Number of protein chains: 2
Amino acid sequence: MKVSDLAKAAGVTSETVRHYTREGLLAPAKDPHNGYHRFDSQDLERLAFIQRARTLGFSIKEIHEILDHADHGDSPCPLVRDLLASRLPQIRERIQELEALATRMEQALDAWADMPDGTPDGHSLCRLIESLPAPSTDKAASNTAKEEA
Amino acid sequence: MKVSDLAKAAGVTSETVRHYTREGLLAPAKDPHNGYHRFDSQDLERLAFIQRARTLGFSIKEIHEILDHADHGDSPCPLVRDLLASRLPQIRERIQELEALATRMEQALDAWADMPDGTPDGHSLCRLIESLPAPSTDKAASNTAKEEA
DNA sequence: TAAAACCTTTGGGTTACACAAAGGTCAAGC
DNA sequence: GCTTGACCTTTGTGTAACCCAAAGGTTTTA
């Protein structure tokens with residue numbers, strides 16, 4: 001199989017396949033004649049494995065470790081369990097943060113009715129935002145607004 | 001105030017202040033003698049505004065737009081409302097995804113008891129992961145495992 | 001056989017900073 | 001006055017997981 005064949009079979013883009021290949025998660029043979037990558041059914045299984053691991057929240061680097069273990073004949077399962085166990089509370093925490101964020105957003109929208117769209121007057125840019133509680137200046141806390149695309 | 005003074009007053013790092021300055025969110029005067037940035041109380045207010053906006057999930061680029069509106073004498077409030085309204089459902093969706101992720105992780109951990117830590121045999125890397133449902137190869141769906149640090 | 005479709009590698013873009021390096025500045029103590 | 005340490009500047013690099021464009025070779029197809 002060529003790149004796009006594998007990509008289609010797994011439901012990802014060719015770019016993703018190339019990315020994993022660059023990162024060493026997939027190690028296809030190369031056709032000596034034209035330099036094309038040649039993937040086989042094992043690569044497809046491996047890619048399916050990667051996709052499943054991604055749905056568990058594992059990073060590419062972690063999946064790399066897991067695959068390395070397996071490639072060395074060691075069971076990666078204990079590693080997988082440890083990673084899951086340590087990641088789960090972080091996910092829960094992240095959910096809490098996002099729920100708090102959603103709540104703040106809703107409250108802000110609800111508060112809209114009670115506040116005029118004041119033109120900035122040098123003291124206020126947008127009262128809606130300025131009426132929020134000040135983010136704690138405490139180093140320890142505050143991880144509230146991490147967003148991704 | 002110098003960089004670190006402002007940073008301390010707002011509870012952020014000096015690097016963050018410099019970052020916002022580079023990005024144009026803050027526009028301090030420069031001491032012609034030594035090239036040091038000079039921030040005043042308005043910059044502190046502006047920085048506090050930025051922090052509050054961040055807690056609402058706004059990106060730096062969005063905050064830049066909001067501030068530009070205000071700097072031009074226009075009320076940024078309608079913009080803020082539109083951004084909030086369009087972002088909120090995305091946050092809700094993200095929460096759903098993370099909850100589904102947490103559930104999968106828990107189920108995986110629960111399933112541990114029923115599965116041996118098999119050494120990889122060429123057919124199975126880690127049965128725990130391979131027993132997961134296959135990620136849909138459907139282009140439309142599937143955005144399950146976006147993680148950040 | 002020529003064009004369409006696909007392959008390769010290389011390099012840049014995305015987010016919001018953190019961090020290191022190289023070099024100038026400033027406050028304090030001796 | 002001078003050394004030292006703390007702080008300032010700009011510039012460049014790294015982060016996560018890809019996406020996208022460019023330049024140039026290959027394969028397939030009409």
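A note on names: the letters A, B, ... follow the listed sequences, proteins ahead of strands, and every chain is numbered from 1. The shown structure was predicted, so the numbers you read here are calculated from the model rather than taken from an experiment.
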Counting only non-hydrogen atoms, which of residues 17-26 of chain A are less than 4.0 Å from DNA chain D?
A:His19, A:Tyr20

Taking only the side-chain nitrogens and oxygens of B:His37, find out if one of them lies under 4.0 Å from OP1 or OP2 of D:dT9.
yes

For A:Asp31 and C:dC6, give me the distance from atom CG to atom P, rounded to whole Å.
18 Å

Atom pairs under 3.5 Å, N or O on each side, protein against nucleotides 24-26 of chain D: can you list them with distances?
from: D:dG25; atom 1: N2; to: A:Tyr36; atom 2: OH; distance (Å): 3.1
from: D:dT26; atom 1: O4'; to: A:Tyr36; atom 2: OH; distance (Å): 3.1

Report yes if some heavy atom in the side chain of B:Leu25 is under 4.5 Å from a heavy atom in the side chain of B:Arg46; otherwise report no.
no

Output all residues satisfying side chain to side chain contact (heavy atoms under 4.5 Å, CB included) with A:Gln96, sequence neighbours left out; order by chain, then residue number.
A:Glu99

How many whole angstroms separate atom CD1 of B:Ile63 from atom C1' of C:dA16?
11 Å

Residue A:Lys30, side-chain atoms from C-beta onward, closest of C:dT8, D:dA17, D:dT27:
C:dT8

Nucleotide nearest A:Ile60 when distance is taken to its side chain, options D:dC7, D:dA17, C:dC6:
D:dA17

Are any of the side-chain nitrogens in A:Asp31 or A:Lys2 under 4.0 Å away from the carboxylate oxygens of its partner?
no

Under the side chain to side chain contact (heavy atoms under 4.5 Å, CB included) rule, collect the residues that match up with A:Ser14, sequence neighbours excluded.
A:Val3, A:Ser4, A:Ala7, A:Arg18

Rounded to the nearest angstrom, tell me the gap between atom CZ in A:Phe58 and atom C1' in D:dA16.
16 Å

Would you say B:Ser4 places a side-chain N or O within less than 4.0 Å of OP1 or OP2 belonging to D:dA6?
no

Results of salt bridge (charged side-chain N to carboxylate O under 4.0 Å, His left out) for B:Glu106 - residues two or more places apart only
A:Arg92

Could I get the full list of salt bridge (charged side-chain N to carboxylate O under 4.0 Å, His left out) partners for A:Arg52, not counting sequence neighbours?
none

Find out whether B:Ile50 and B:Phe58 are in side-chain contact, i.e. whether some heavy atom of one side chain is under 4.5 Å from a heavy atom of the other.
no

Within-4.5 Å side-chain heavy-atom neighbours: A:Val17 and A:Phe39
yes

Any A:Ile66 side-chain heavy atom under 4.5 Å of A:Phe49 side chain
yes

Length of the line joining A:Gln90:CD and D:dA16:P, which is rounded to integer Å:
13 Å

Closer than 4.0 Å, any side-chain N/O of A:Thr16 to the OP1 or OP2 of D:dA17?
no

Could you check how far CG of A:Asp5 sits from C1' of D:dT27, rounded to whole Å?
12 Å

Does D:dC19 have OP1 or OP2 under 4.0 Å away from a side-chain N or O of A:Thr13?
yes

Whole-Å distance, B:Arg38 CZ to C:dC26 P, equals 12 Å

Spacing between B:Lys61 atom NZ and C:dC17 atom P, to the nearest angstrom:
15 Å

A:Glu15 CD to C:dC6 C1': how many Å, rounded?
12 Å

Of B:Gly35 and A:Ser14, the one whose nearest nucleotide on DNA chain D sits closer to the 5' end is B:Gly35

